[in-house]
Amino acid sequence: MSRARVRSFAVLGVMVLLASCTDDATVTTTSPGAVTTAAGGGATTTAADTAPSGDGLLAAIQSRGNLRCGVNEAVPGFGFLNPDGTRSGFDIDFCRAVAAAVFGDPEAVEYVPLTAQQRFTALQSGEIDVLIRNTTWTATRDGGEGATFLHTTFYDGQGMMVRTDSGFTKLEDLANTAICVLSGTTTELNLATRFADIPYTPLTFETNDLLRPAFVAGQCDGWTSDKSQLAGVRSAFPETEGGPQSLTILAETFSKEPLGPVVIDGDSQWAQVVDWVVNAVVIAEELGITSSNIGGFADTENAEIRRLLGLPIEGDSGPTIFDAGLGLEPGWASNVIKAVGNYGEIFDRNVGPDTPLGLQRGVNALWSDGGLLYAPPFR
Amino acid sequence: MPDRVRTPWWRNVQVLRWLAQLVAMAVVGVALWLLWFNVTNNLASRGIRTDFGFLDQPFGVRIAGSDLSPGSAVRLALLNGIRNTFALAIVGLPLLTLLGVAVGVGRLSGNWLLSKICTAYVELLRNLPPLLLVIFAFQAVILRLPPARSPATPFGWFVISNLELHVPSLRAGENYRAFSISLLGAVVLAFALWWWRTRAQQSTGRPHHRWLWSIGIFLTAGAAAYLALGRPITISRPVLVGRVVEGGYRGLGSYFAVMGALVLYTASHVAEIVRGSILAVPKGQSEAATALALSAFQRFSFVVLPQAMRIALPPIINQYLNYVKNTSLAIAIGFAEVTLIAFQAIGNGQPAPQVILILMGCYLIFSLAISLAVNLYSRRMRLAVQ
């Protein structure tokens with residue numbers, strides 16, 4: 001009997017312990033400002049990760065000391081994991097730009113590689129602070145995914161890539177073929193819309209790495225995705241399989257794909273920070289500031305440049321430094337430009353005419369050059 | 001013993017046990033409630049819906065191997081995925097059972113070569129991760145077939161590409177209905193003969209030959225009906241017309257890749273179970289069978305194997321469940337089973353917690369159904385007297 005009693009008490013003790021643990025966990029996960037939730041696949045962060053010094057995501061990131069950036073690692077030119085383990089690409093540069101703005105250090109980024117399907121769950125669960133992964137802005141994603149889309153960094157459109165020797169020249173030629181597409185993407189939805197009257201078999205894959213062998217082996221005759229992504233894939237197409245010239249991207253663009261950074265709903269301070277990092281690189285291009293000439297503006301008379309770079313502005317009461325009140329150190333934009341350059345530099349370095357992708361600026365030129373890039377004034 | 005002191009309740013082990021149970025239940029209940037509250041609260045605060053209304057939303061994309069239009073509801077797409085998972089199970093489970101039993105028996109064979117081949121098969125397959133096998137079967141086997149734009153047509157009876165495999169199928173011809181009724185009649189006749197031969201053996205002791213009789217009458221009656229009704233069933237050959245294949249049955253290449261890989265993988269586990277179970281049958285059983293002058297074949301198939309299967313069944317159920325759960329690996333090669341459809345739905349804006357919940361429910365139902373079926377069978381197999 002005494003043994004049974006001891007056991008009962010032991011059980012009770014364990015339960016009390018468990019109960020208290022459960023209690024703690026609940027307090028941390030539901031406290032205001034904490035970015036964790038048990039939702040969506042169980043990706044959670046612990047309380048220590050997000051110990052807030054203020055109550056917003058920005059403060060949490062600052063106290064953590066690095067930026068968690070959700071990225072792609074299979075699209076050359078945009079988000080790519082190089083054989084030597086480094087990451088490069090247009091989207092990666094924007095991750096670095098945000099880190100430079102927040103910490104003054106573009107290397108303070110923890111990259112979180114995500115598939116198309118994982119990305120919003122990762123954002124919702126607080127696993128990442130910002131999603132910069134060639135993500136298209138749509139109404140459902142804005143409304144239903146709890147996501148806030150920020151300033152578009154790349155205006156893209158969907159295209160179709162086929163083998164050059166197939167002789168296909170327009171989408172209708174692909175009737176009764178199989179078409180490879182990534183699952184959980186807007187391209188998958190656009191494909192269904194554009195091919196409503198064209199019979200086809202969709203083959204959906206999780207990642208480009210799994211899709212490529214199917215396309216190479218001729219299981220599918222078309223590969224559809226954002227044109228920029230197709231250009232990246234085409235540029236890296238191995239010579240053993242025929243090289244880039246064995247593939248053709250058909251002329252028709254059959255969707256609008258505005259790609260840009262995404263943050264979680266409900267934290268406008270953090271959203272503004274990311275938004276203004278994008279604005280800053282666009283403004284820098286408007287003002288002619290590049291990563292190489294940025295040191296030469298100390299004596300400039302241009303007030304907007306002085307505001308943007310955080311240079312002292314003379315006044316009757318002595319020099320003042322402009323602070324836009326975004327919660328960042330004045331001069332953050334100069335850190336951004338030093339780290340990644342202006343928009344034109346980012347574009348040219350990763351996807352421009354001198355890269356394997358060889359993309360023209362097109363609609364991604366500044367508004368003053370007839371493109372769509374337009375940033376609000378920095379004042 | 002009238003003066004015996006009653007145990008106070010806080011020292012009464014029965015009360016304490018009840019109390020412990022109640023506290024345990026309360027703790028579990030509170031934990032579940034907190035989790036639920038946490039999830040729904042956080043989702044609601046981010047404007048993400050927590051109901052199941054999304055099941056009526058359009059799925060938005062087409063599914064390979066299905067005629068479902070993109071505008072169909074998410075529920076229909078999920079059902080389509082369930083059907084594809086079921087198609088993997090209904091063909092794969094019998095195949096892996098046959099293969100597993102054959103290899104398991106083969107490992108114990110006296111034939112040196114056969115037993116070594118079976119051993120090598122088991123040791124190789126069972127020690128590889130199934131995902132690797134699925135990707136291997138897809139990329140190294142199926143994708144090596146001719147590309148979809150120029151399929152092979154061996155013997156004019158098949159159309160084979162790495163996208164789809166087409167095989168001849170049966171097609172209903174004239175008088176098909178009358179023919180199926182007469183086939184049904186033949187089956188009834190065969191069963192009646194079976195019963196009659198069994199009775200005859202029991203009363204006279206002469207051999208019943210019931211297989212011979214039943215199958216013979218079925219084939220004879222069937223053939224007579226087929227001839228009398230004039231080609232009630234024809235064979236439909238797959239024919240390549242431009243890029244479209246007409247006639248025949250078709251299966252997606254990825255379907256065969258998943259099924260092939262998982263059948264080979266799971267069969268290696270089943271083989272080990274079968275081998276162990278055969279070895280677990282007491283030696284006296286086969287010695288007794290030898291003493292009764294049974295042949296080696298009779299000894300094995302009527303004495304050892306039935307007893308071995310009784311031992312093997314429970315662990316084989318586990319392998320069946322593993323097979324069904326492993327079909328979710330098809331997502332790696334793009335076969336539209338239920339997991340792929342569910343993840344596709346999540347990727348296209350449907351709420352993840354609810355979709356995952358439905359997905360878990362699907363696999364739970366699959367697993368419980370298999371357990372139930374095999375348990376019913378094993379109850380029939382159980383010895384009447386232990």
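Model, not experiment: these values are computed from the prediction. Every chain is numbered from 1 and lettered A, B, ... according to where its sequence line falls, protein lines coming before strand lines.
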Under 4.5 Å heavy-atom distance to chain B, tell me which part of [X] shows up: side chain, backbone, both or neither.
{"X": "Leu203(A)", "result": "side chain"}
{"X": "Tyr200(A)", "result": "both"}
{"X": "Thr201(A)", "result": "side chain"}
{"X": "Arg163(A)", "result": "side chain"}
{"X": "Thr185(A)", "result": "backbone"}
{"X": "Ala196(A)", "result": "backbone"}
{"X": "Asp221(A)", "result": "side chain"}

Pick from [options]: which one has the most heavy-atom pairs with chain B under 4.5 Å?
{"options": "Ala175(A), Gly266(A), Ala147(A), Pro199(A)", "result": "Ala175(A)"}
{"options": "Ala116(A), Pro213(A), Cys220(A), Cys180(A)", "result": "Pro213(A)"}
{"options": "Ala192(A), Ala214(A), Pro202(A)", "result": "Pro202(A)"}
{"options": "Leu210(A), Leu211(A), Asp265(A)", "result": "Leu210(A)"}

Just how far is it from atom [atom1] of [X] to atom [atom2] of [Y], taken to the nearest 0.5 Å?
{"X": "Leu191(A)", "Y": "Arg62(B)", "atom1": "CG", "atom2": "CZ", "answer": "8.5 Å"}
{"X": "Phe343(B)", "Y": "Thr204(A)", "atom1": "CZ", "atom2": "OG1", "answer": "12.5 Å"}
{"X": "Ile331(B)", "Y": "Ser183(A)", "atom1": "CD1", "atom2": "OG", "answer": "6.5 Å"}
{"X": "Ile346(B)", "Y": "Phe120(A)", "atom1": "CD1", "atom2": "CZ", "answer": "13.0 Å"}

Tell me if the [atom1] atom of [X] is crowded by more than 12 foreign heavy atoms within 6.0 Å.
{"X": "Asp56(B)", "atom1": "CG", "value": "yes"}
{"X": "Phe136(B)", "atom1": "CZ", "value": "no"}
{"X": "Phe86(B)", "atom1": "CZ", "value": "no"}
{"X": "Asp67(B)", "atom1": "CG", "value": "no"}

Max heavy-atom pairs within cutoff under 4.5 Å with chain A, candidates Ser66(B), Pro146(B), Pro351(B), Ala332(B), goes to Ala332(B)

Of all the heavy-atom pairs spanning [X] and [Y], show the shortest one and how long it is.
{"X": "Arg243(B)", "Y": "Asp173(A)", "answer": "NH2-O, 2.5 Å"}
{"X": "Ala352(B)", "Y": "Thr121(A)", "answer": "CB-OG1, 4.2 Å"}
{"X": "Phe205(A)", "Y": "Ile333(B)", "answer": "CE2-O, 3.4 Å"}
{"X": "Ala217(A)", "Y": "Pro147(B)", "answer": "O-CB, 3.6 Å"}

When the 4.5 angstrom heavy-atom criterion is applied to Ile63(B) and chain A, the contacting part is backbone

So, the part of Phe138(B) with a heavy atom under 4.5 Å from chain A: the answer is side chain

Exercise. Within the distance-only criterion (no hydrogens, no angle test), does the side chain of Arg149(B) pair as donor or acceptor with the backbone N or O of Ser166(A) below 3.5 angstrom?
Worked result: no

Next on the checklist: Would Leu143(B) and Gln219(A) count as a side-chain contact (heavy atoms from CB on, under 4.5 Å) here? Give the steps.
Outcome noted: CA-CA 7 Å; Leu143(B) 286 186; Gln219(A) 198 188 25; 3.8 Å; yes

Can Gln117(A) and Gln344(B) be counted as having a side-chain donor-acceptor contact under 3.5 angstrom?
no

